[in-house]
Amino acid sequence: MSEANVVGRRKPWLAGVLSGVQPGLGQLYNGQPSKAIVLALLPYVVAGPILTVLLLYAPLHPPYNLVLPLLLLLAVLVAIVRDATSVARQQDCRYELKRYNKWYVYLLFALIGGFVVQPIGVDLIRQFIQAFKIPAVSMAPTLLVGDHVLVDKSIAWNGKVLERGEIIVFKFPEDEKKDFIKRVIGLPGERIEIRNKTVYVNDTALEDGGYSQRIDPGILDAQTNPRDNLGPVTVPQESYFVMGDNRDQSLDSRFFGYVHRSKVIGKALFIYWSWDDRQNFVRWERIGQRPW
């Protein structure tokens, strides 16, 4: 053991802080490079996707469907930090520095973790789930301006059949750079008609009073505007007729036509955050809610 490379006992608090900044960095400081690499990958490449699947498919009710996965991810990170501090305490009083026990190696490890590993993990998670902010009033009262919704993107590639009443995010047919969120009203092959604001599906009035609103008492003629009177029309195969819950203030299939299945990004799951911009406060009662 070279005296020049011999130093005192490793500092447990420093090992913990390093792994808190970047998972695995404390283990590298402790002289465990293999474990450091594994733990650097664990939260993003392994734990993240697993917890995302749990978030999507576990039979949990709000707010546990949001809180439990976050707590599990936090538990993984805490375990990594505790491992770093525990190993540092148990090591000998004197140890020899390795070639990688340099500040610039630690910095490089942290940069790779933050700018390479983490983005890869985020991209994996985004194959399953994505956040969407409600920017307008078209889905009121179900979704309000300032609600942040988690969207299940797996339906875009798992072949799941969409059902009436589900709220979906899709590419706006007239400008696919924009994402819209509406409720599925008409399924492929169904006959849709709107008469004096009442929606009919296959000649049966749609019972939508529990989630929709019509705030304008006036009735627009079909020759002037399709808002209140439309059709009848038949929904093409592989397509859907969608509408906003705020019937009198929504740009939807009454105006831009049908949404093809290939343009569907995902299905809304629940509200994970809600901020009232006008009054500047958090709408705590809406967080974790699945109002559809």
Side-chain angles (χ1 to χ4, degrees), residues 1-58 60 63-131 148 150-154 157 269 272-273 287-288:
M1 182 179 291
S2 172
E3 288 297 326
N5 290 329
V6 174
V7 296
R9 182 187 297 273
R10 289 184 171 93
K11 300 177 176 60
W13 68 267
L14 181 56
V17 168
L18 290 174
S19 273
V21 171
Q22 167 59 51
L25 186 54
Q27 283 74 16
L28 184 65
Y29 165 74
N30 286 337
Q32 300 175 303
S34 298
K35 180 190 283 188
I37 294 172
V38 171
L39 294 183
L41 296 173
L42 182 64
Y44 306 118
V45 180
V46 180
I50 291 175
L51 295 176
T52 299
V53 172
L54 175 63
L55 179 66
L56 293 177
Y57 303 114
L60 302 172
Y64 306 109
N65 54 355
L66 177 63
V67 173
L68 181 58
L70 292 178
L71 289 178
L72 290 175
L73 181 58
L74 179 61
V76 171
L77 296 176
V78 170
I80 293 174
V81 172
R82 291 191 62 181
D83 174 78
T85 58
S86 176
V87 170
R89 288 193 186 97
Q90 296 171 11
Q91 289 182 337
D92 294 335
C93 295
R94 294 166 63 81
Y95 65 94
E96 184 175 5
L97 290 175
K98 306 297 182 182
R99 291 182 178 180
Y100 52 79
N101 286 132
K102 308 291 184 180
W103 69 267
Y104 50 84
V105 177
Y106 299 156
L107 178 60
L108 180 62
F109 187 91
L111 291 176
I112 292 175
F115 293 98
V116 178
V117 177
Q118 184 175 350
I120 291 175
V122 171
D123 285 341
L124 287 174
I125 292 173
R126 283 179 176 172
Q127 299 301 312
F128 295 91
I129 197 166
Q130 184 173 327
H148 295 248
L150 285 181
V151 174
D152 176 6
K153 293 181 64 178
S154 68
W157 43 261
L269 290 173
Y272 71 91
W273 181 252
I287 296 177

State, to 0.1 Å, how close [X] and [Y] come at their nearest heavy-atom pair, and which atoms those are.
{"X": "Tyr100", "Y": "Pro33", "answer": "OH-CD, 3.3 Å"}
{"X": "Leu39", "Y": "Pro43", "answer": "O-CD, 3.0 Å"}
{"X": "Gln32", "Y": "Val87", "answer": "OE1-CG1, 3.7 Å"}
{"X": "Ala40", "Y": "Phe109", "answer": "CB-CZ, 3.8 Å"}
{"X": "Ala131", "Y": "Tyr272", "answer": "CB-OH, 3.3 Å"}
{"X": "Arg89", "Y": "Pro12", "answer": "CG-CG, 3.4 Å"}

Report the distance from atom [atom1] of [X] to atom [atom2] of [Y], rounding to the nearest 0.5 Å.
{"X": "Gln91", "Y": "Arg10", "atom1": "CD", "atom2": "CZ", "result": "4.0 Å"}
{"X": "Ile80", "Y": "Gln22", "atom1": "CD1", "atom2": "CD", "result": "9.0 Å"}
{"X": "Leu77", "Y": "Leu72", "atom1": "CG", "atom2": "CG", "result": "11.0 Å"}
{"X": "Trp103", "Y": "Tyr106", "atom1": "CH2", "atom2": "OH", "result": "12.5 Å"}
{"X": "Asn30", "Y": "Asn101", "atom1": "CG", "atom2": "CG", "result": "9.0 Å"}
{"X": "Leu150", "Y": "Leu269", "atom1": "CG", "atom2": "CG", "result": "6.5 Å"}

side-chain contact (heavy atoms from CB on, under 4.5 Å) between Leu28 and Leu25: does it pass, once the steps are laid out?
CA-CA 5 Å; Leu28 184 65; Leu25 186 54; 4.2 Å; yes
Given the rule in the side-chain contact (heavy atoms from CB on, under 4.5 Å) test, do Ile287 and Trp273 qualify, once you have shown the distances and angles that lead to the verdict?
CA-CA 5 Å; Ile287 296 177; Trp273 181 252; 3.7 Å; yes
Quick one: does Tyr29's side chain have a donor or acceptor within less than 3.5 Å of a partner on Ala88's backbone?
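Between the backbone of Ala88 and the side chain of Tyr29 there is no qualifying donor-acceptor contact (under 3.5 Å).
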